[in-house]
Enquirer: 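I am attaching a structure below and will ask some questions about it afterwards.
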Amino acid sequence: MEALASSQAEQKLSANTILELLANRRRRYLLYALRGREDPIELSTLAETVAGWEHDVPPDEVAKNEYKSVYVSSVQCHVPKLDDAGVVDHDEDNHTVVLADNFDQLEPYLRIVVKDEPENSTLHAALQTDSGEGLLGQIRENVARLKQ
């Protein structure tokens, strides 16, 4: 994937970029955790949440090595890739992340791939209890509308 310069950050994401960003489960989980948040979140908190979803346990029960794996790969690979595409803003000084403008281009595709996530999991439960009907509820509503 070609890195986007900051002057390109608000340009339209290519289909290849969107597919590459969503191809990795851990990046999708990072985006699920960031969705709906307006305030920056610390990478350590984000990594705990993602590790919990990956191992289907509450964040406070994540083993240290599982947390560390998520944290390190997020810092070294996934967050920089999302930041380069203008999907997140990463404040390296404060170790925080927040969604950026280009997330709006990615969200419709994220709504599609979420259907492949495990139904009986802590991730699924978290997505169900999101604000309003949650991401999964919105997908069901859209599918029902299309069937009419």
Enquirer: Atom CD of Glu48 and atom CD1 of Ile41: how far apart are they, to the nearest 0.5 Å?
Expert: 9.5 Å

Enquirer: Roughly how far apart are Leu21 CG and Tyr109 OH, rounded to 0.5 Å?
Expert: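 So the gap between those two atoms works out to 12.5 Å.
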
Enquirer: Work out which heavy atom in Leu34 is nearest to a heavy atom in Val88; give both atom names and the distance.
Expert: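 Minimum heavy-atom separation between Leu34 and Val88: CD1-CG1, 3.8 Å.
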
Enquirer: Looking only at heavy atoms, which two atoms of Val62 and Ala51 are closest? And how far apart?
Expert: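 Taking every non-hydrogen atom into account, CG1-CB, 3.5 Å.
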
Enquirer: Hey, could you give me the CG/CG distance between Leu31 and Leu82, rounded to the nearest 0.5 Å?
Expert: 5.0 Å

Enquirer: Thr49 and Tyr32: side chain to side chain contact (heavy atoms under 4.5 Å, CB included), yes or no, with the steps?
Expert: CA-CA 10 Å; Thr49 300; Tyr32 296 145; over 6 Å; no

Enquirer: Can you name the closest pair of heavy atoms from Pro80 and Cys77 and give their distance?
Expert: CD-O, 3.3 Å

Enquirer: CG/Leu13 to CD1/Ile18 distance, rounded to the nearest 0.5 angstrom?
Expert: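 Between Leu13 CG and Ile18 CD1, I get 5.0 Å after rounding to 0.5 Å.
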
Enquirer: Flag this pair as yes if the NZ/CZ of Arg25 is under 6.0 angstrom from the six-membered ring centre of Tyr29 and inside a 45 degree cone about the axis; otherwise no.
Expert: yes

Enquirer: Is there a donor-acceptor pair closer than 3.5 Å between any side-chain N or O of Glu61 and the backbone N or O of Pro58?
Expert: no

Enquirer: Do Val57 and Val50 belong together in a cluster built from hydrophobic side chains that touch within less than 4.5 Å?
Expert: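 They do share one cluster, since a chain of ILVMFWY contacts under 4.5 Å joins Val57 to Val50.
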
Enquirer: On a heavy-atom basis, which atom in Ser14 and which in Thr17 lie closest, and how many Å separate them?
Expert: OG-OG1, 2.9 Å

Enquirer: Can you tell me how far apart CG (Leu30) and NE2 (His78) are? Round to the nearest 0.5 Å.
Expert: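 One finds 7.0 Å between CG of Leu30 and NE2 of His78.
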
Enquirer: So Leu46 and Ser74, do their side chains get closer than 4.5 Å, heavy atoms only?
Expert: no

Enquirer: Write down the atom of Ala33, the atom of Arg37, and the distance for their closest heavy-atom approach.
Expert: O-CD, 3.5 Å

Enquirer: Which pairs would a plain distance check flag for residues 89-99, meaning a side-chain donor or acceptor within less than 3.5 Å of a matching protein atom at least two apart in sequence or in another chain?
Expert:
residue : atom : partner : partner atom : Å
Asp91   : OD1  : Asp93   : N            : 3.0
Asp91   : OD1  : Asn94   : N            : 3.1
Asp91   : OD2  : Asn94   : ND2          : 2.9

Enquirer: Check whether Arg27 reaches the backbone of Leu22 with its side chain - one donor and one acceptor, N or O, closer than 3.5 Å.
Expert: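 Answer holds: no.
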
Enquirer: Using a 4.5 Å cut-off on heavy atoms from C-beta on, say whether the side chain of Tyr67 contacts that of Ser44.
Expert: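 In short, these two side chains touch, coming nearer than 4.5 Å.
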
Enquirer: Indicate the atoms forming the closest heavy-atom contact of Gly86 with Ala100, along with that distance.
Expert: O-CB, 3.2 Å

Enquirer: Can you tell me if Ser69 uses its side chain to pair, donor with acceptor, with the backbone of Asn65 under 3.5 Å?
Expert: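 No; judged by distance alone, with no hydrogens or angles, the pair does not exist.
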
Enquirer: Side chain to side chain contact (heavy atoms under 4.5 Å, CB included) between Glu54 and Arg26: does it pass, once the steps are laid out?
Expert: CA-CA 8 Å; Glu54 286 185 1; Arg26 190 165 284 168; 2.7 Å; yes

